[in-house]
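Each remark here refers to the structure printed beneath this line.
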Amino acid sequence: MALINLAAETGKALPLGASLTHEGVNFSVFSRNAAAVTLIIFESADKDCPWIEIPLNKREHKTGNIWHCFIKGLQAGTCYLFRVDGPYFPEKGHRFNPYKTLLDPYAKAITDASDWDYTICSGFDPNKPGRDLSFSYEDDVSNQPRCIVINNDFDWQGDTPINYPLRFSVIYEAHVKGLTANPNSGVEHPGTYRGVIEKIPFFKDLGITSIEFLPVQEFNENENLRTNPRTGAKLTNYWGYSTAAFFAPKGSYAADKTPGGQVKEFKEMVRELHKAGIEVILDIVFNHTAEGNEMGPTFSFRGLDNSIYYILNENKRYYQNYSGCGNTVNCNHPVVRTFIMDCLRYWVMEMHVDGFRFDLGSILGRDQSGRIMENPPTLEQIAEDPVLSSTKIIAEAWDAGGAYQVGWFPGGRWAEWNDKYRDNVRSYWKGDPKETRHLATRIAGSSDLYLRDGRKPFHSINFITSHDGFTMNDLVSFNGKHNEENGENNSDGSNNNLSYNYGVEGSTNDPVIKTIRDRQLKNFFATMMVSLGTPMILGGDEFGRTQNGNNNAYCQDNEISWYNWSLLEQNKDIYRFVKEMIAFRLRHPGFMRPEFFTGRGGFYKAIPDISWFNETAHVVNWGEVGYYLALRLLGSKADTLADRDDNDFYIMFNAYIDLKSFVLADPPPKKKWFRAIDTGLNSPNDILLPGTEEPLHSQRVYPVKARSIVILISKEG
C-alpha cells in the first residue's frame with residue numbers, strides 16, 4: 001500500500017468506527033471536547049512498518065461532535081490508530097494528550113497485544129511530582145496495538161442466533177482458552193476458538209444447551225504486574241475482566257494469526273456451535289475499562305473524551321470506583337448509552353451471539369453522579385431494544401460500590417445470577433441448621449425475589465459455583481481459600497465460601513471422605529436440575545475440576561485454571577451422573593414450568609401442584625424443620641403453554657449425617673412410586689435411565705441415606 005498517495009475526503013459521521021466499502025474506508029470517531037484529531041494509517045500489521053498521519057480539519061471532517069473522513073483505496077486488513085489533542089486539565093476532567101495513540105472504541109479487531117506495555121501509555125510523566133497532573137511527551141505509537149479494518153463478509157450457511165427460551169436452557173460457564181489449553185485436552189488447536197469447536201462432541205454428549213464464555217472482548221493479559229511467590233512466574237489477567245476493545249474478539253484466542261483472522265474464527269465457532277444446537281452467551285464488562293484510575297494508561301476512552309466516558313468525582317481529577325477496578329463507565333450518558341447499544345447489536349447481528357451476562361450489572365443503573373436510578377434508561381433500553389428482543393440478558397445484580405439488586409434489578413425482562421440460591425443450597429447441604437425452608441424457597445423458583453415484579457422462575461439463574469469462587473470439587477474439599485500463589489498473601493477472594501472438607505483439607509485417598517464428597521457433588525447437581533429457574537454449571541465441575549483451593553484464580557493462566565481432561569475418565573461416575581441429570585431435567589417439563597407454583601390443586605383436584613412434607617409425610621411446619629425435607633410435585637399440565645403432561649415426583653432431601661427413613665405420601669391414583677435417582681447409591685444405580693426406573697418394594701417408606709437426595713417418579717406398575 002502506497003501511503004504517500006493517501007488523502008482524506010470528507011466522509012460521513014455515521015456509522016462510527018471503520019466502515020469498509022468497495023472504494024475504501026470511512027473512519028468516524030466521537031470527541032466533544034477535542035481540539036484536533038489525527039488519523040494514523042500503517043503500511044501493515046508489522047510492528048516497525050511505516051505509517052502516515054492524516055490531520056482532520058474541523059471544517060471538512062467534523063459533524064457535530066463526530067470527526068470523520070473517507071480514504072480511497074484502503075482495504076480490509078488496514079491498520080489504524082488516532083491521536084487526539086485538546087486540553088490537559090485533569091482537575092476539570094480533561095486528559096487529552098496527542099503523544100498517546102488511541103484505539104477506536106468501535107474497532108472490530110486489534111493486532112497482537114502480547115507485549116502491550118501499559119506504562120508507556122501513561123498520559124502523565126511517571127517520574128515527576130504530582131504524576132497524573134504532569135504531562136508525558138513520550139510518543140507511544142510503536143508500543144500500541146493497532147485497530148484493524150474488517151470485512152464483515154462471512155458464509156454463515158444460513159445460521160441465525162438460536163435463542164432458546166431461558167426455561168429450556170442449561171448454561172455452561174467456560175473460559176475459551178482454559179477449556180482446551182491443557183496438553184491433555186486432545187485438540188489440535190489448544191486454547192482457541194477452534195479448540196472450542198473440537199470439543200463440540202463433548203458438549204453434545206453432556207447435553208448442555210448454552211455456553212457462557214468469560215470475556216472474549218480484547219484485553220491485555222499482561223497488565224498484571226504481580227509474580228507467583230512460589231514459582232516466580234509472572235501472573236496475568238487470565239479471566240479478562242478488563243476490556244480494552246469492546247467490539248473486538250480476543251486475538252490470542254484465535255489459531256488464525258492473520259490480521260482480523262480472530263473475527264472469522266470467532267464466527268466459525270459460533271456457527272459450528274449453533275449447528276450442534278448450542279447457544280453462545282458472552283460475559284460482557286461495560287462497568288469499567290482497562291484504563292483504570294488517574295494513574296492508569298491512556299489508550300482509548302480517556303484520550304478521546306475522559307469526562308464523557310467515565311463517572312468522575314467532584315474533583316474531576318479522580319474517578320468514581322464502583323467497579324473496584326479503578327474507574328466506572330458513565331453508562332447512562334446518552335453518548336455512552338449509544339456506544340453500549342451499538343456494541344450489543346453488533347455482537348448479535350454480525351457475530352450471531354445468543355445472549356449476554358453483564359458483569360457488575362448494577363453499574364449500568366447508576367446516573368452520571370453515581371447514584372442508583374429508579375428507571376435507568378440504559379437498562380430499560382437494553383430490555384426493550386427490538387434487535388435484542390429474543391436475546392438473553394443476564395445481570396450480575398450487584399457492584400463493588402455497595403449496590404445489591406438481586407430480585408430488584410430494573411428494566412423489565414432481566415434475568416439475574418441468583419447468589420441467594422448459591423448460598424442457601426450450599427448451606428443446606430453443608431448441614432447448617434435452619435436452612436431447610438430456604439432450600440424450599442430456592443427449589444420453588446425464588447418467588448420471594450421474582451414474583452413481586454412480574455418476572456418468572458426462569459429469570460433466576462440458579463448456580464452453586466461460578467468462575468468467581470471455588471470449583472464444586474473444591475467446595476467439598478477445602479474449609480478455606482488457598483490463594484497464596486496469587487501474590488496477595490491470601491488476602492484476595494471471598495472468605496464466605498460455605499464450604500466443608502469433611503475431615504481433610506484438600507485431596508485425599510481416604511475412601512470414606514471421597515465417598516462423601518462425590519455424594520455431595522451429586523446432591524448439588526441434582527438439586528439444581530430439579531429447581532425451578534435456569535441452571536448454570538461451572539465448566540469442569542461435571543468431572544471434578546480442582547483449582548487446589550484457589551477461589552480467585554483470575555491471574556492463573558496455567559494448570560490451576562485449565563481443564564484437566566484426565567479427570568473425565570478418573571471421575572467418570574460423576575460425569576455420568578451429571579450428564580444423565582441434565583437429560584432428566586430436559587425430559588420433564590415439571591422442572592421447567594413457566595409460572596410459579598400456586599399450591600392449589602391441579603389435574604388431580606385433590607393434589608396441589610406442589611406439596612411440602614417432613615420425613616413423616618406430614619405437612620411441613622416451617623418453624624420446626626431441621627435437616628429433612630420432602631416434596632410432591634404434580635407434573636400433569638406442568639407446561640401450561642404446550643399443554644404437555646409429565647410424571648409426578650416425590651423428592652426427599654436428607655442433609656443429616658445419618659440415614660433417615662422417610663414415610664411416603666401417596667402416589668397419584670393407579671400409579672406407583674419408582675426410584676429414578678438416589679445419590680446414596682453407587683453408580684450406575686445412583687441415576688437410572690428412562691424406562692429402567694425400579695418400583696419400590698414398599699410404597700410407604702424409603703430409607704434415605706446420609707447426605708442424599710432421592711427422586712421418585714410416578715408410573716403405572
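In this text the structure is predicted, and so the values were computed from the model without any measurement.
Checked by atom type, the side-chain pair Ser210/Tyr164 shows no donor-acceptor distance below 3.5 Å. Between Tyr502 and Gln520, the side chains place a donor N or O and an acceptor N or O closer than 3.5 Å (distance only, hydrogens not considered). In this structure, a donor-acceptor pair under 3.5 Å is absent between the side chains of Thr441 and Asp448. Looking at Tyr554 and Asp492, their side chains never bring a donor and an acceptor atom within 3.5 Å of each other. At a cut-off of 3.5 Å, with distance as the only test, a side-chain donor of Asp283 or Tyr241 sits close to an acceptor on the other residue. For the residue pair Asp359/Asn287, the side-chain donor-acceptor check at 3.5 Å is satisfied. Counted by atom type alone, Ser460 and Asn462 present one or more donor-acceptor pairs between their side chains at under 3.5 Å. Between the side chains of Ser561 and Gln556, not a single donor N or O lies within less than 3.5 Å of an accepting N or O.
Residues meeting the side-chain hydrogen bond (donor to acceptor under 3.5 Å, both in side chains) test with Thr527, sequence neighbours left out: Trp429. Residues passing the side-chain hydrogen bond (donor to acceptor under 3.5 Å, both in side chains) test with Ser566 are Asn564, sequence neighbours excluded. For the ring pair (Phe, Tyr, Trp, His ring centres under 6.0 Å) test, no residue two or more places apart in sequence or in another chain qualifies with Phe662.
Between Glu221 and Lys250 a salt bridge is recorded (basic side-chain N to carboxylate O distance below 4.0 Å). Contact check on Arg675 versus Glu693 returns no salt bridge, with no Lys/Arg side-chain nitrogen under 4.0 Å from an Asp/Glu carboxylate oxygen.
Contacts classified as salt bridge (charged side-chain N to carboxylate O under 4.0 Å, His left out) and involving residues 196-216 (residues at least two apart or in different chains) are given here: Asp205-Lys579. The salt bridge (charged side-chain N to carboxylate O under 4.0 Å, His left out) contacts involving residues 555-569 comprise Lys177-Asp557, Glu569-Lys572, where partners must be two or more places apart or lie in separate chains. Residue pairs meeting the salt bridge (charged side-chain N to carboxylate O under 4.0 Å, His left out) criterion with at least one partner in residues 474-489, sequence neighbours excluded, are Arg226-Glu488, Arg230-Glu485.
Using the six-membered ring where Trp is involved, His467 and Trp417 have ring planes that are tilted, between 30° and 60° apart. Below 30°, between 30° and 60°, or above 60°: for Tyr404 and Trp398 the angle between ring planes is below 30°, a parallel geometry.
No donor-acceptor pair closer than 3.5 Å links the side chain of Ser169 to the backbone N or O of Ile171.
When side chains are defined from C-beta on, Asn483 counts as touching Asn490, because their heavy atoms get closer than 4.5 Å. The shortest distance between side-chain heavy atoms of Pro684 and Arg576 falls below 4.5 Å. Considering only heavy atoms from C-beta on, Tyr193 comes within 4.5 Å of Val176 through its side chain. Put simply, the side chain of Ile713 does not reach to within 4.5 Å of the side chain of Ile711, judged on heavy atoms. In this structure, Thr209 and Phe168 have side chains that are not in contact, with every pair of non-hydrogen atoms separated by 4.5 Å or more.
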